[in-house]
K.L.:
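Attaching a single structure in structure tokens format; questions to follow.
Heavy atoms only: backbone and side chains are in, while hydrogens, waters and symmetry mates are out.
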Amino acid sequence: MNFDNLKTKKVLYVEDDDAVLDSFTKILRKVFGEVLIAKNGQDGLELFEQNKDSIDFVIADIKMPKMDGLTMSDEIKKISPEMPCIITTAHAEYEYLKKADEIGIYKYITKPLNITDLLSVISELAGEKKA
């Protein structure tokens, strides 16, 4: 996979688990031109609102304090309906999948995260966005 076209893109990454956040942030920073970080859905939504015109992708965990990833993604979609949101989660229950589909989540990736799978989804998404 060639990710050179992603060097001009900005991603918002929202994750409350410090270990996952640290390891994936390092990888995302090698792929994307800029990575904005939040540790909960409320902070993620605020960062999105402040940078809505320059964010290209949102990657968020589903279970977080203050506001979960699905609620945050729903609020982001109200502001920017075409914003691609990728949800990462250890929860594959039907209720979460159904809500993700209703919101218009681009992809729902279960944990433990496989970086190759995540980058494949991002590459696919970038291709659709004509990155």
Side-chain angles (χ1 to χ4, degrees):
M1 285 181 268
N2 182 353
F3 299 109
D4 291 342
N5 60 337
L6 297 178
K7 284 292 184 191
T8 62
K9 303 297 179 190
K10 183 187 285 189
V11 65
L12 170 60
Y13 182 44
V14 188
E15 171 65 61
D16 66 320
D17 182 308
D18 287 334
V20 174
L21 180 68
D22 290 343
S23 63
F24 276 88
T25 297
K26 289 175 187 171
I27 294 165
L28 292 172
R29 285 197 169 127
K30 290 179 181 177
V31 175
F32 287 96
E34 188 173 349
V35 180
L36 300 177
I37 303 296
K39 288 190 169 189
N40 64 66
Q42 184 62 47
D43 291 348
L45 180 58
E46 289 172 13
L47 263 177
F48 182 81
E49 289 171 339
Q50 295 164 7
N51 296 275
K52 64 184 173 205
D53 295 330
S54 62
I55 292 176
D56 296 290
F57 308 102
V58 176
I59 302 170
D61 187 20
I62 201 168
K63 288 278 195 172
M64 296 182 289
K66 295 188 183 180
M67 180 186 292
D68 67 71
L70 288 175
T71 301
M72 181 197 75
S73 296
D74 191 30
E75 292 301 314
I76 286 172
K77 290 285 198 176
K78 290 175 184 173
I79 297 166
S80 182
E82 300 302 315
M83 181 57 57
C85 297
I86 299 168
I87 292 291
T88 63
T89 183
H91 305 278
E93 289 93 4
Y94 175 75
E95 66 183 78
Y96 292 121
L97 292 168
K98 184 175 185 261
K99 185 171 180 183
D101 186 54
E102 290 169 356
I103 292 169
I105 298 300
Y106 181 78
K107 289 286 181 180
Y108 189 93
I109 302 173
T110 55
K111 291 180 179 179
L113 289 177
N114 176 312
I115 190 59
T116 304
D117 292 344
L118 181 59
L119 292 177
S120 177
V121 168
I122 291 168
S123 178
E124 171 187 308
L125 184 55
E128 285 189 13
K129 289 191 70 172
K130 308 286 187 264

K.L.:
What are the two closest non-hydrogen atoms of M83 and F57, and how far apart are they?
P.N.:
SD-N, 4.0 Å
K.L.:
Can you tell if the side chain of D56 reaches within under 4.5 Å of the side chain of T8, non-hydrogen atoms only?
P.N.:
no
K.L.:
Which heavy atom of N40 sits nearest to which heavy atom of P65, and what is that distance?
P.N.:
CB-O, 3.1 Å
K.L.:
State, to 0.1 Å, how close I103 and L70 come at their nearest heavy-atom pair, and which atoms those are.
P.N.:
CD1-O, 3.2 Å
K.L.:
I would like to know whether V121 and I109 meet side-chain contact (heavy atoms from CB on, under 4.5 Å); could you show each step before the answer?
P.N.:
CA-CA 9 Å; V121 168; I109 302 173; 3.9 Å; yes
K.L.:
Verify side-chain contact (heavy atoms from CB on, under 4.5 Å) between V58 and V11, making sure each step is shown before the conclusion.
P.N.:
CA-CA 6 Å; V58 176; V11 65; over 6 Å; no
K.L.:
How many angstroms lie between CZ in F48 and OG in S73, if you round to the nearest 0.5 Å?
P.N.:
10.0 Å
K.L.:
What heavy-atom pair brings Q42 and M67 nearest, and what distance separates the two atoms?
P.N.:
OE1-CE, 3.2 Å
K.L.:
Is K98 salt-bridged to E102, going by a charged N under 4.0 Å from an acidic O?
P.N.:
yes
K.L.:
Does any part of the side chain of D17, heavy atoms only, come nearer than 4.5 Å to the side chain of D61, both counted from C-beta?
P.N.:
no
K.L.:
Using the rule given for side-chain contact (heavy atoms from CB on, under 4.5 Å), can you reason through Y13 versus R29, listing the C-alpha separation, both sets of side-chain angles and the distance that settles it, and then say yes or no?
P.N.:
CA-CA 11 Å; Y13 182 44; R29 285 197 169 127; over 6 Å; no
K.L.:
If you round to the nearest 0.5 Å, how far is CD of E46 from NZ of K66?
P.N.:
8.0 Å
K.L.:
T88 vs V20, test: side-chain contact (heavy atoms from CB on, under 4.5 Å). Steps then yes/no.
P.N.:
CA-CA 11 Å; T88 63; V20 174; over 6 Å; no
K.L.:
Using modelled atom types only, decide if a donor and an acceptor are shared between the side chain of D68 and the backbone of M64 within a distance under 3.5 Å.
P.N.:
no
K.L.:
Taking only residues at least two apart or on different chains, which pairs with a member in residues 18-28 satisfy side-chain hydrogen bond (donor to acceptor under 3.5 Å, both in side chains)?
P.N.:
D18-K39
K.L.:
Measure across I62 and Y108 and return the closest heavy-atom pair with its distance rounded to 0.1 Å.
P.N.:
CD1-OH, 3.9 Å
K.L.:
Rounded to the nearest 0.5 Å, what separates atom CG in L47 from atom CD1 in I37?
P.N.:
9.0 Å
K.L.:
For F24, which residues count as a ring-ring contact (aromatic ring centres under 6.0 Å, His included) partner, sequence neighbours excluded?
P.N.:
none
K.L.:
Could you measure the distance from the CD1 atom of I76 to the OG1 atom of T71? Nearest 0.5 Å is fine.
P.N.:
11.0 Å
K.L.:
For a 4.5 angstrom cut-off between non-hydrogen side-chain atoms, does I55 reach L36?
P.N.:
yes
K.L.:
Looking at side-chain heavy atoms only, is the closest gap between E49 and I79 below 4.5 Å?
P.N.:
yes
K.L.:
Please round to the nearest 0.5 Å and tell me the distance separating atom CD of E34 and atom NZ of K10.
P.N.:
4.0 Å
K.L.:
Enter the distance from L45:CG to D74:CG here, rounded to the nearest 0.5 Å.
P.N.:
10.5 Å
